[in-house]
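As structure tokens, the structure follows; a few thoughts come after it.
Proteins get letters first, then strands, A, B, ... in listed order; numbering begins at 1 in each. Basis for what follows: all heavy atoms, side chains included, without hydrogens, waters or symmetry-related copies.
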There are 2 protein chains.
Amino acid sequence: MKKDFECTQESYAREVLREKGLKSTAQRLAVVHVLHTSRKSLSVGEIHDRVKDMLGTTGLATIYRTLEMFEGLGIVKRLHFPDGGHGYAFSQGEHVHHMVCVDCRGVFDFPECPVENFDYASVEKQGFRVKNHFIQLFGQCVKCAEAA
Amino acid sequence: MKKDFECTQESYAREVLREKGLKSTAQRLAVVHVLHTSRKSLSVGEIHDRVKDMLGTTGLATIYRTLEMFEGLGIVKRLHFPDGGHGYAFSQGEHVHHMVCVDCRGVFDFPECPVENFDYASVEKQGFRVKNHFIQLFGQCVKCAEAA
DNA sequence: TATCAAATGAGAATAATTTTCAATTGGGCT
DNA sequence: AGCCCAATTGAAAATTATTCTCATTTGATA
Ligand SMILES: [Mn+2]
Ligand SMILES: [Mn+2]
Ligand SMILES: [Zn+2]
Ligand SMILES: [Zn+2]
């Protein structure tokens, strides 16, 4: 495949894929490219459209398959919106949470984990063992706040 | 409607509904009953089935309408699972987060908010204004841990 | 008890996601 | 560079999830 685009994010994805014995297909790398060059989270449909712009024909099922796989690999994060919709954002593996603008769906990293050293003792004593967590902050970005 | 069931949760729901000028229909109260008597979160389909058991015929659209409304009123909380599915759990308005068992989808309240007095300064200085948040803890409940 | 806006049910209509399977292709091996 | 083949893809059908429409019903108020 021709690489009009290539950067640390694509190389990172290639690396993760190779380690797992998975193929670095044009479609997969295009999804990475589309996501990491977007400052807003994208819906499956939006990702599909942009990948088609890059590669010509592309099956929607491939986008779904790729996103599910990437989420498992920690390459993308699925976000949940109040209206019930979902968005996807690039996420380079490290433990990071996101803030999303409820107006433009813009995504902003939130590196400090609020529950990093939170004491689950009170609740684990009831027997529940916490394994991981999902945190998403909602708010307004600068641009949308000004536009309002 | 006949009230074979009635408890603080139902009264609470009636109260909230009345305050908003909304009707306390048999369907709405049945949804409350079904949710608060379940220790696991329920999918829309499961809620529909159980409400039908209670009331006989009930439209699926009504369940969707009720859940959306209840979520807005803070009576129920929508949970998101790794497999992409959603579950609903009773939630009595106060600010509470949940722990869910990834095996049985059991729900457990987590009253202490981990970000209660978290300092968003570092990120708000970039302009983003945090308005609210969503937190969900994943893990295993006692029963499922033993069964494993 | 009459009234009427709010709410419901049934089913059609959309949207979202998954499955199937034949055709294509990335990457390892000459 | 060409071969091989399991992994991957595309297209369309099949499911599943959610919303919409509108005629009918019903809760709350007087
Ligand atoms: Mn965290
Ligand atoms: Mn979700
Ligand atoms: Zn914004
Ligand atoms: Zn469990």
Side-chain angles (χ1 to χ4, degrees), chain A residues 1-3 6 10 13-32 41-49 51-73 76 78-88, chain B residues 1-3 6 10-11 13-32 41-49 51-73 75-76 78-88:
Chain A
M1 59 156 280
K2 59 179 181 307
K3 45 177 82 172
E6 181 76 33
E10 268 93 337
R14 292 184 108 98
E15 174 74 0
V16 174
L17 289 170
R18 193 171 48 68
E19 283 177 358
K20 300 284 180 179
L22 299 165
K23 294 183 177 177
S24 291
T25 66
Q27 292 86 340
R28 289 173 179 172
L29 295 177
V31 168
V32 171
S41 61
L42 301 172
S43 69
V44 175
E46 290 172 323
I47 295 169
H48 185 213
D49 289 342
V51 169
K52 279 191 293 188
D53 287 344
M54 290 179 67
L55 308 179
T57 181
T58 300
L60 177 55
T62 296
I63 304 299
Y64 275 102
R65 290 187 280 237
T66 299
L67 290 173
E68 177 178 12
M69 192 193 115
F70 278 3
E71 191 175 17
L73 294 175
V76 307
R78 177 209 289 249
L79 302 173
H80 307 264
F81 291 96
D83 69 0
H86 292 136
Y88 291 84
Chain B
M1 61 153 277
K2 57 178 180 307
K3 46 178 78 172
E6 180 77 33
E10 269 93 338
S11 331
R14 290 184 109 98
E15 174 73 2
V16 174
L17 289 170
R18 193 171 48 66
E19 282 177 359
K20 300 285 181 178
L22 298 165
K23 294 183 179 178
S24 291
T25 66
Q27 292 86 342
R28 288 174 180 171
L29 296 177
V31 167
V32 170
S41 63
L42 301 173
S43 68
V44 175
E46 290 172 323
I47 295 169
H48 185 213
D49 289 343
V51 169
K52 278 191 293 189
D53 286 344
M54 292 180 64
L55 308 178
T57 180
T58 300
L60 176 57
T62 297
I63 304 298
Y64 274 102
R65 289 186 281 235
T66 299
L67 290 172
E68 178 177 13
M69 190 192 115
F70 278 1
E71 192 175 16
L73 295 175
I75 292 177
V76 307
R78 176 208 292 248
L79 301 173
H80 307 264
F81 291 96
D83 70 0
H86 292 137
Y88 291 84

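Note that CG of L17(A) is 4.5 Å distant from CE of M69(A), once rounded to the nearest 0.5 Å. Atom-to-atom distance recorded for R28(A):CZ and L67(A):CG is 11.5 Å, nearest 0.5 angstrom.
The side-chain contact (heavy atoms from CB on, under 4.5 Å) test applied to R65(A) returns A61(A), T62(A), not counting sequence neighbours.
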**Prompt:** What is the per-nucleotide protein-contact pattern of nucleotides 5-17 of chain C, from the 5' end, where B denotes a base atom under 4.0 Å from a protein heavy atom, S denotes such proximity for sugar-phosphate atoms only, and - denotes neither?
**Reply:** BBSBBS-----SB
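Within a 6.0 Å sphere centred on CD of E68(B), heavy atoms belonging to other residues, nucleotides or ligands number 12 at most.
In this structure, L29(A) places its CG atom 10 Å from P of dG26(C), rounding to the nearest Å. The nearest whole Å value for the distance from the CD1 atom in I47(B) to the C1' atom in dT18(D) is 14 Å. Rounded to whole angstrom, the span from the CG atom of L17(A) across to the P atom of dG28(C) amounts to 13 Å. When the P atom of dA7(D) is taken as reference, atom CD of E68(A) falls 17 Å away, rounded to whole Å. Between the CZ atom of R18(A) and the C1' atom of dG28(C) there is a distance of 13 Å, rounded to whole Å. To the nearest angstrom, P of dT18(C) lies 15 Å from NE2 of H48(A). Straight-line distance from the CD1 atom of I63(A) to the C1' atom of dT18(C): 15 Å, rounded to whole Å.
Among the candidates V44(A), L79(A), T66(A), the single residue satisfying the side-chain contact (heavy atoms from CB on, under 4.5 Å) test with Y88(A) is V44(A).
For R14(B) (side chain) and S24(B) (main-chain N/O), no donor-acceptor pair under 3.5 Å exists by modelled atom type.
Ring orientation note: the planes of H86(A) and H86(B) are tilted relative to one another, at an angle of 30° to 60°.
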**Prompt:** Based on Watson-Crick and G-U pairs with both distances under 3.5 Å, what dot-bracket line describes DNA chain D 5' to 3', crossing pairs as [ ] and inter-strand pairs as |?
**Reply:** ||||||||||||||||||||||||||||||
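D49(A) places a side-chain heavy atom less than 4.5 Å from the side chain of K52(A).
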